[in-house]
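Worksheet: the structure to be examined is printed underneath.
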Amino acid sequence: MRQGGCSFGLWKVAVDYDGQAVHRVRFVRTAPEGQVPVQFTMFLAGKGTGFSPLISSAVSGDSVYAKIYRAVSEIPYGETRSYGEIAKAVGTHPRVVGNAMARNPTPLIVPCHRVIAADGSPGGFSPDPEIKISLLQLEKNMLKRGFS
DNA sequence: GCGCCGATCATCA
DNA sequence: TGATGATCGGCGC
């Protein structure tokens, strides 16, 4: 298991991973020393649209949560879905989707920031909703500017 | 049009 | 077993 950190604006991203398997991602004020997979730095710099071939350990298994994480992973770069849409896709209730996002062990890889409330408002994000806004703006800008 | 309230269900303590 | 959510939709005003 390797550990690393990189910057995203005022926040840092701490990553626990093992080869292509990513076990945990979290936003922190101070990141641990070490390298992160190149996909993270590329994505956060607006030079990548995804994390392939990295896989999150959260999507394995057959629990409802794993299904939710898989469904969320299929949201394309720059697009959004509502909690209700995800819920319908996996056959559960929107509240459960919110619960799954709140406990998401690997944000970014499972793009929980692309899941917003049904009326278009951002909804919540841990530890800070501003991160969610920043990520959505980043993706929107990059689509518009053609990954400059 | 806006705000309140009840439904709903997988985890965790 | 009961409480708790990063919600949704309908109804009343």
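Keep in mind the model is a prediction, meaning the values are calculated, not measured. Because only heavy atoms are used, hydrogens play no part in the values below, and waters and symmetry mates are left out as well, while side chains stay in. Within every chain, numbering begins at 1; the chains are lettered A, B, ... in the order of the sequence lines, protein sequences first and strands thereafter.
Taking the six-membered ring for Trp and thresholds of 30 and 60 degrees, A/Phe40 and A/Phe51 have ring planes inclined between 30 and 60 degrees apart. Using the six-membered ring where Trp is involved, A/Phe147 and A/Tyr77 have ring planes that are tilted, between 30° and 60° apart.
Across all strands, A/Gly123 comes closer than 4.0 Å to no nucleic acid atom at all (heavy-atom distances). If you check every strand for non-hydrogen atoms under 4.0 Å, A/Ala102 touches a base.
Looking only at side-chain heavy atoms (C-beta outward), A/Phe8 and A/Leu135 come within less than 4.5 Å of each other.
Following rounding to the nearest Å, A/Asp119 (CG) and B/dG1 (C1') show an atom-to-atom distance of 14 Å. Between the NZ atom of A/Lys88 and the C1' atom of C/dG9 there is a distance of 13 Å, rounded to whole Å. Per the geometry, CD1 belonging to A/Ile116 stands 14 Å off C1' belonging to C/dC8, to the nearest Å.
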For nucleotides 8-13 of chain B, tabulate all protein N/O to nucleotide N/O atom pairs closer than 3.5 Å, reporting atom names and distance.
{"from": "B/dT8", "atom 1": "O4'", "to": "A/His93", "atom 2": "NE2", "distance (Å)": "3.1"}

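When only modelled atom types and interatomic distance are considered, A/Arg103 and A/Asn99 share a side-chain donor-acceptor pair under 3.5 Å.
Crowding of A/Arg70 atom CZ: a count of heavy atoms from other residues, nucleotides or ligands under 6.0 Å exceeding 12.
Hydrophobic clustering of Ile, Leu, Val, Met, Phe, Trp and Tyr side chains at less than 4.5 Å, counting indirect connections, keeps A/Ile75 apart from A/Leu108.
For DNA chain B, the stems formed by at least three consecutive Watson-Crick or G-U pairs, with both atom-pair distances below 3.5 Å, span B:1-7 with C:7-13, B:9-13 with C:1-5.
The backbone N or O of A/Thr41 lies less than 3.5 Å from no partner atom in the side chain of A/Lys47, so there is not a single donor-acceptor pair. Counting only distance, with no hydrogens or angles, the side chain of A/Tyr65 and the backbone of A/Ala58 share no donor-acceptor pair below 3.5 Å.
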